[in-house]
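First comes the structure, then the notes that go with it.
The chains referred to below are lettered A, B, ... by the order of the sequence lines, with proteins before strands, and numbering in each begins at 1.
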Amino acid sequence: MAKNIANDANYIEAARHSLSHVLAQAVCELFDGVQLGIGPAIEDGLYYDFDLHHRITEDDFAAIEAKMNEILKSDTVFEKRVVENPLDFFANTPYKLELVKELVAAGEEITVYESNGFVDLCAGPHVENMRELRNWGFKISSIAGAYWRGNSDNPMLQRVYVHAFPSRKELKEYYAFLEEAKKRDHRTLGNQLDLFFFDETAPGMPYWMPKGMKIYNKLLEFSRKVHEAHGYQEVVGPQLNHSSLWVTSGHWEHYDDNMFKVQIDENNTYALKPMNCPNAMILFKKKNRSYRDLPLRFSELSHLHRNEASGAMHGLMRVQTFRQDDAHIFCTQEQIASEMNGIMDIMDFIYGIFGLKYTAVLSTRPESFLGDIETWNEAEAVLKNVLDTRFGAGEYIVDEGGGAFYGPKIDIKVYDALKREWQLCTIQLDYQLAGNFELEYTDSDGKRKAPVVIHRAVFGSLDRFIGVITEHFAARFPFWLAPVQVGIVPVHKDHERYAHDIREELVQQGFKSTLDTSDGTMGNKIKSYRNELVPYIIIIGDKEVADGTISLRVRTGTQINGIPLSSFIDACKIMEQAYKIDLIENFDAD
RNA sequence: GCUGGUAUAGCUCAGUCGGUAGAGCGCUCCGUUGGUAACGGAGAGGCUCCCGAGUUCGAAUCUCGGUACCAGCACCA
């Protein structure tokens with residue numbers, strides 16, 4: 001059985017799950033009083049959750065692996081059995097009993113698998129015989145706490161993670177992948193390339209270095225351009241607002257834990273804004289609005305602050321202060337669909353330029369919500385319809401209960417170098433806030449009506465977006481985004497004057513270049529530009545000075561000698577405007 | 001916040017048994033005047049080895065508390 005279907009995904013999952021039984025047996029044999037949680041197969045292996053008095057640490061890994069290998073030597077079969085009196089059978093295993101009770105209530109048959117004397121509640125499937133796992137490559141990767149059934153009100157179990165692949169070679173390849181992914185890690189690259197850093201006094205609040213700021217500003221510029229073209233008007237509200245605003249918006253009640261608060265005196269507390277919405281409401285209310293003003297699109301790029309749980313921070317991906325390419329659209333019920341599509345158009349355009357692969361997620365009503373259920377259902381139906389049209393029914397994920405407290409949302413998720421998922425774009429329909437702030441506009445019939453509010457961000461957090469694209473491009477940013485676009489290296493001091501002229505021309509044309517006139521050797525200068533991942537290196541020596549040309553070294557490795565600067569600048573202009581174009585490697589010297 | 005781990009030069013890291021700190025890269029200076037990924041040589045950089053207590057004649061090292069970061073869980077409005 002093993003050979004011919006060894007690469008079948010179902011077989012691999014069954015094998016990993018079988019290995020989780022082996023892990024569980026090993027832990028049960030090595031330690032006393034072990035209670036079992038669950039032990040499923042995952043993307044790169046498996047885990048099993050245990051409740052035991054002994055604290056498992058890295059020092060225990062070798063012993064557990066040795067025990068697992070010992071168990072694998074047995075030639076036993078995974079035997080499936082139906083349990084007659086499940087509640088009695090599992091009476092002394094509280095976690096299993098909890099699962100069994102639910103299964104029984106749902107009318108399910110209760111089965112166990114027995115292998116080598118180890119019995120575990122399990123619906124299967126498994127490999128047939130233990131010997132099929134003998135050539136697998138596996139290694140305990142880590143130990144971590146995990147709440148029973150993913151609920152923080154429940155006890156925390158000890159989760160042992162195991163990397164497991166059908167062969168030792170594949171395991172080795174997986175570790176090679178992890179090594180590569182580590183090199184792409186935006187935290188490593190950000191440090192190496194002087195883009196940003198963090199200080200202990202401001203956890204989760206990035207310091208942006210000059211080169212990181214070049215990227216940041218370029219994205220802001222790009223965002224402004226796109227949104228202006230789509231009829232958005234930029235505004236900016238205060239960083240701090242009195243608590244009364246947050247009480248009105250509902251944040252004081254629903255988002256209390258995540259706000260940074262500043263107490264001014266006994267009676268007055270302000271909070272740094274975690275979101276722009278309430279101030280957008282104030283901006284709308286400032287004037288009497290007419291149906292002729294709708295849809296009204298206010299964009300805002302200001303800084304937000306959110307007080308996150310200490311363990312939640314993660315480089316630029318999860319921070320405590322960041323800028324959002326936020327916007328609030330005020331519109332009528334009839335305008336929702338076209339506005340939603342307009343937003344999706346912007347999203348397609350922007351994500352297409354970066355070549356990011358993404359997944360759409362519809363998040364529905366959470367447990368803690370404002371408003372009535374009918375309005376929620378209506379809003380969810382509108383979003384679903386947009387997604388069905390654009391992605392096709394079933395071509396997106398539905399996250400039941402994942403919505404914001406004020407409305408359902410569409411999120412766009414992308415993946416980092418380690419394939420971890422991060423949310424960027426978000427589009428949220430809000431039927432509550434307009435009511436809380438008593439927003440109104442005068443309709444064509446002269447009646448006062450409440451507008452619908454759409455909150456949306458395309459990059460999401462600019463900071464997170466830079467983290468994501470840093471990993472996506474492995475810091476080989478496209479020409480238009482590169483913090484330094486051209487590095488100039490004179491072969492000799494005598495060539496510096498001409499090199500200065502070249503740089504002057506590039507500056508005049510609006511390109512970001514640096515000229516290295518330090519004492520180092522030319523080889524060193526080229527090396528340092530290469531390490532910096534600069535898209536183009538211009539080399540100036542006798543030949544170039546004599547011909548009035550430049551020699552170019554492209555980041556991709558191509559070398560082109562003796563071309564006119566004007567040809568290169570023409571190419572730069574194309575790359576600066578047509579964002580999707582990769583580095584140009586051919587220049588006609590016409 | 002929870003579980004496990006980590007914290008030493010600007011960066012990446014070594015530091016055994018507790019005896020007041022090392023390497024490579026980078027930086028500075030001197031020499032080298034060059035044609036495409038690391039030219040020699042010298043030097044500075046740690047006075048608080050994340051912070052605070054404790055044990056000890058003596059702590060980077062051991063113990064306790066804190067902080068930050070890493071992996072995961074929960075959270076992600």
### Query
Aromatic ring centroids of A:Phe31 and A:His54 under 6.0 Å?
yes
### Message
side-chain contact (heavy atoms from CB on, under 4.5 Å) for A:Arg159 and A:Ile143? Distances and angles first, verdict last.
### Response
CA-CA 6 Å; A:Arg159 175 171 297 177; A:Ile143 174 92; over 6 Å; no
### Task
Whole angstrom is fine here: how far is it from CE in A:Met156 over to C1' in B:G1?
9 Å
### Task
Starting at atom CG of A:Asp516, determine the distance to atom C1' of B:G34, rounded to an integer number of angstrom.
14 Å
### Phosphate-side-chain proximity, A:Lys527 and B:G26, N/O vs OP1/OP2 below 4.0 Å
yes
### Query
Which value, in whole Å, describes the distance between the C1' atoms of nucleotides B:U48 and B:U12?
23 Å
### Query
Looking across every strand, which nucleic acid part, if any, lies under 4.0 Å from A:Gly37 by heavy atom: base, sugar-phosphate, or nothing?
nothing
### Message
Both A:Ile56 and A:Lys409 contact RNA chain B. Taking the nearest nucleotide for each, which residue is further toward the 5' end?
### Response
A:Ile56
### Query
Checking side chain to side chain donor-acceptor pair (under 3.5 Å) for the pair A:Trp208/A:Asp463: CA distance, chi angles, key distance, verdict?
CA-CA 10 Å; A:Trp208 286 94; A:Asp463 302 67; 3.1 Å; yes
### Query
A:His251 near the nucleic acid: base, sugar-phosphate alone, or nothing, with a heavy-atom cut-off under 4.0 Å?
nothing
### Task
Under 4.0 Å between any heavy atoms, over every strand shown, what does A:Tyr161 touch: base, sugar-phosphate, or nothing? Just pick one.
sugar-phosphate
### Query
Does the side chain of A:Tyr406 come under 3.5 Å of the side chain of A:Gln428 through a donor N or O and an acceptor N or O?
yes
#### Entry: B:A71 and B:C13, which share atom name P, separated by this distance in whole Å
14 Å
### Query
Expressed in angstrom and rounded to an integer, what is the separation of A:Asn524 atom CG from B:U36 atom P?
13 Å
### Query
Using purine N1 to pyrimidine N3 plus N6-O4 or O6-N4 for Watson-Crick, or N1-O2 and O6-N3 for G-U wobble, both under 3.5 Å, which nucleotide pairs with B:A21?
none
### Message
My understanding is that a pair needs two contacts under 3.5 Å, Watson-Crick or G-U wobble. By that rule, which nucleotide pairs with B:A14?
### Response
none
### Task
Indicate, with a heavy-atom threshold strictly under 4.0 Å, whether A:Asn531 touches base, sugar-phosphate, or nothing.
base
### Message
At 4.0 Å (heavy atoms only), tell me whether A:Glu421 reaches a base, stays on the sugar-phosphate, or touches nothing.
### Response
nothing
### Query
Rounded to whole angstroms, how far apart are CG on A:Asn307 and P on B:C76?
14 Å
### Query
How far, in whole Å, is B:U28 from B:A74 if one measures between their P atoms?
49 Å
### Message
Return whichever of A:Asn191 or A:Arg464 has its heavy-atom-nearest nucleotide of RNA chain B closer to the 5' end.
### Response
A:Asn191
### Query
Which whole number of Å gives the distance between the P atom of B:A44 and that of B:A7?
28 Å
### Query
Can you find an N or O donor on one side and an acceptor on the other, under 3.5 Å apart, linking the side chain of A:Gln158 with the base of B:U3?
no
#### Entry: Distance between C1' atoms of B:A38 and B:G24 (Å, rounded)
12 Å
### Message
Mind checking if A:Phe322 touches a base, just sugar-phosphate, or nothing, with heavy atoms under 4.0 Å?
### Response
base
### Query
Given the side-chain rings of A:Phe177 and A:Tyr175, with only the six-membered ring counted for Trp, is the space between their centroids under 6.0 Å?
no
#### Entry: Value in whole Å for how far the P atom of B:U32 lies from NE2 of A:His492
12 Å
### Message
Please name the nucleotide paired to B:C27 by Watson-Crick or G-U wobble geometry with both distances under 3.5 Å, or report none.
### Response
B:G43
### Task
Whole angstrom is fine here: how far is it from NZ in A:Lys525 over to P in B:G34?
13 Å
### Task
Take the protein atom CG of A:Asp51 and the nucleotide atom P of B:G4, then report the distance between them rounded to whole Å.
13 Å
### Task
Please work out if A:Pro203 contacts a base, only the sugar-phosphate, or nothing of the nucleic acid, heavy-atom cut-off 4.0 Å.
sugar-phosphate
### Query
Just checking A:Arg149: base, sugar-phosphate only, or nothing, at a heavy-atom cut-off of under 4.0 Å?
nothing
### Query
Rounding to the closest angstrom, what is the interatomic distance between B:G15 and B:U61 at atom C1'?
9 Å
### Query
B:C75 base to A:Arg318 side chain: any donor-acceptor pair below 3.5 Å?
yes
### Message
Under 4.0 Å, counting only non-hydrogen atoms across every strand here, what does A:Gln428 touch: a base, just sugar-phosphate, or nothing?
### Response
nothing
## Note on the structure
Across every strand shown, the nucleotide meeting Watson-Crick or G-U wobble geometry with B:G52 (both distances under 3.5 Å) is B:C64
### Query
Which is true for A:Tyr47 with a 4.0 Å heavy-atom rule: it touches a base, it touches only sugar-phosphate, or it touches nothing?
nothing
### Query
Between A:Arg159 and B:U3, is there a side-chain N or O to OP1/OP2 distance below 4.0 Å?
no
### Query
For atom P, what is the distance between B:U32 and B:G52, given to the nearest Å?
49 Å
### Task
Using a heavy-atom cut-off of under 4.0 Å over every strand shown, decide if A:Ser551 touches base, sugar-phosphate, or nothing.
base
### Message
Whole angstroms only, please: what is the CG-P distance between A:Asn151 and B:A74?
### Response
10 Å
### Query
Quick one: is the NZ or CZ of A:Lys273 closer than 6.0 Å to the six-membered ring centre of A:Trp246, and within 45° of its axis?
no
### Query
Hey, does A:Asp411 reach any base, or is it just sugar-phosphate, or nothing, if we go heavy atoms under 4.0 Å?
nothing
### Note, A:Thr188 side chain near A:Lys183 side chain (heavy atom, < 4.5 Å)
no
### Query
So what's B:G58 paired with, Watson-Crick or G-U wobble, going by both distances under 3.5 Å?
none
### Message
For B:G1, does the base pair up with any side-chain atom of A:Tyr147 as donor and acceptor (N or O, under 3.5 Å, distance only)?
### Response
yes
#### Entry: Pairing partner (Watson-Crick or G-U wobble, both distances under 3.5 angstrom) of B:C2
B:G72
### Query
Taking everything shown except A:Lys182 itself, do over 12 heavy atoms lie less than 6.0 Å from its NZ?
no
### Query
Across all strands, who's sitting opposite B:U33 as a Watson-Crick or G-U wobble pair, both distances under 3.5 Å?
none
### Task
Measure from NZ or CZ of A:Arg365 to the centre of the six-membered ring of A:Phe369 and say whether it is under 6.0 Å with the direction within 45° of the ring axis.
yes
### Message
When the P atoms of B:G1 and B:G66 are compared, how many Å lie between them, rounded to an integer?
### Response
10 Å
